[in-house]
Participant: 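This is the structure, below, for whatever I ask next.
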Amino acid sequence: MNGFFTINRELFDHPLWQTSTPEQKVILVVIIGMMNHTPKKWIWKGEEIEVDRGQRITTVAEIKRACGCGVSEKQIRTAIKKFEKFDFLADQVSHDGHLITVENYSKWQDGGSEVVTPTGRRRAGDGQEMGRRRESLHYKNNENNDNNDNNIYIAPALGKFGNVLITEEELERLKERFPYDWEDRVERLSEYMKSKGKRYKSHYATILTWARKDADKKPEGRLSWIDEL
């Protein structure tokens, strides 16, 4: 990031600012500063789209680096959820990261006005509606999840058949543990569940279990954990 940005003083009177912790205020300012000042091309869900002014595709890790010391990834996730409740921003999550839309960006950034739809949504270059609310992320009591632990899963669900349910935190752990083939592991689970009609209490734990079995058997150059199930 380079250049500079401004903040409307009205922000300091906003209920969101007044009820935020010091860490949340840092996160809020950082997010405003990270947003695109002009539209940019980006890859989202495997396609090139135009990310509008006031939007940005980012990750929790990138926001954390911008915030500096004293702000954790957990605090960032909690803050984003709070900002959504105040209709300050909209957050769409996929395996590519977070597509964040700051509502009325021009008002907060430079005191200008901005024309938005009644839902505060903008459209990407491919016509897909972006910045939608996270209600689609709440897969509670899903038939594939018997834990009833109120996890919030990434939407749309991952895998070729859209049936692999994992949380954002679990996805980040998969990427760290399997940086070169995490997508392949997700796809294999998706295909296996579809073909066999299998259900698992935790898809994340299932991937780890299969990976451990694969490591124990040490197959020749391929993943074998599906063959033995």
Participant: Provide the closest heavy-atom pair for R185 versus A211 in the form atom of the first, atom of the second, distance.
Facilitator: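 Looking at all heavy atoms of both residues, the shortest contact is NH1-CB, 3.4 Å.
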Participant: Hey, is the main chain of P15 close enough, under 3.5 Å, to the side chain of T19 for a donor-acceptor pair?
Facilitator: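 Yes, the answer is positive, given that a donor and an acceptor are paired below the 3.5 Å cut-off.
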Participant: Determine, for R56 against E62, whether the closest basic-nitrogen to carboxylate-oxygen distance falls under 4.0 angstrom.
Facilitator: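 Judged by the 4.0 Å cut-off on N to carboxylate O distance, R56 and E62 do form a salt bridge.
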Participant: Scan R177, E170, K213 and name whichever one has a side-chain contact (heavy atoms from CB on, under 4.5 Å) with L208.
Facilitator: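 It is R177; the other options fail the test.
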Participant: Between E23 and R77, does any side-chain N to carboxylate O distance fall below 4.0 Å?
Facilitator: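 No.
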Participant: Measure the spacing between CZ of R188 and CD of E191 and express it to the nearest 0.5 Å.
Facilitator: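 Going from the CZ atom of R188 to the CD atom of E191 covers 8.0 Å.
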Participant: Pick one: which of V51, V93, D91, T58 meets side-chain contact (heavy atoms from CB on, under 4.5 Å) with L99?
Facilitator: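 Between L99 and the candidates, side-chain contact (heavy atoms from CB on, under 4.5 Å) is satisfied uniquely by V51.
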Participant: In this structure, would F86 and I63 fall into the same cluster of hydrophobic residues linked by side-chain contacts under 4.5 Å?
Facilitator: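 Cluster IDs for F86 and I63 match.
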Participant: Enter the distance from L89:CG to L28:CG here, rounded to the nearest 0.5 Å.
Facilitator: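 Answer rounded to 0.5 Å: 8.0 Å.
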Participant: Determine the minimum heavy-atom distance between M193 and N163, stating which atoms define it.
Facilitator: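 Reported closest heavy-atom pair: CE-O, 3.3 Å.
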Participant: Distance check, rounded to the nearest 0.5 Å: W17 atom CH2 versus F88 atom CZ?
Facilitator: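 With rounding to 0.5 Å, CH2 (W17) is 9.5 Å from CZ (F88).
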Participant: Once rounded to the nearest 0.5 Å, what's the spacing between atom OG1 of T59 and atom CG of L171?
Facilitator: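 These two atoms lie 11.0 Å from each other.
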Participant: Shortest non-hydrogen contact from I32 to Y105?
Facilitator: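 Minimum heavy-atom contact is O-CE1, 3.8 Å.
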Participant: When you look at L189 and T206, which way does the side chain to side chain contact (heavy atoms under 4.5 Å, CB included) test go after all the steps?
Facilitator: CA-CA 8 Å; L189 176 57; T206 301; 4.0 Å; yes
Participant: Any idea which heavy atoms bring W182 and L174 closest together, and the distance?
Facilitator: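 In this case the closest contact between W182 and L174 is CB-O, 3.9 Å.
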Participant: Let me confirm one number: the CD-CZ distance from E169 to R173, rounded to the nearest 0.5 Å.
Facilitator: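 One gets 4.0 Å once the value is rounded to the nearest 0.5 Å.
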Participant: Check Q55, Q92, M35 against I100 for a side-chain contact (heavy atoms from CB on, under 4.5 Å) and give me the one that passes.
Facilitator: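 Going through the options one by one, the only one that passes is M35.
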Participant: Taking only residues two or more places apart in sequence or in another chain, which ones pass ring pair (Phe, Tyr, Trp, His ring centres under 6.0 Å) with Y180?
Facilitator: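 Listed in chain order: nothing, the list is empty.
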Participant: Nearest 0.5 angstrom please: T167 OG1 to H203 NE2, how far?
Facilitator: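 Rounded to the nearest 0.5 Å, the OG1-NE2 separation comes out at 12.5 Å.
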Participant: Just checking, any donor-acceptor pair under 3.5 angstrom between side chains of R53 and S106?
Facilitator: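 On atom types as modelled, these side chains qualify, holding a pair under 3.5 Å.
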Participant: What are the two closest non-hydrogen atoms of A157 and V164, and how far apart are they?
Facilitator: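 Here A157 and V164 meet closest at CB-O, 3.6 Å.
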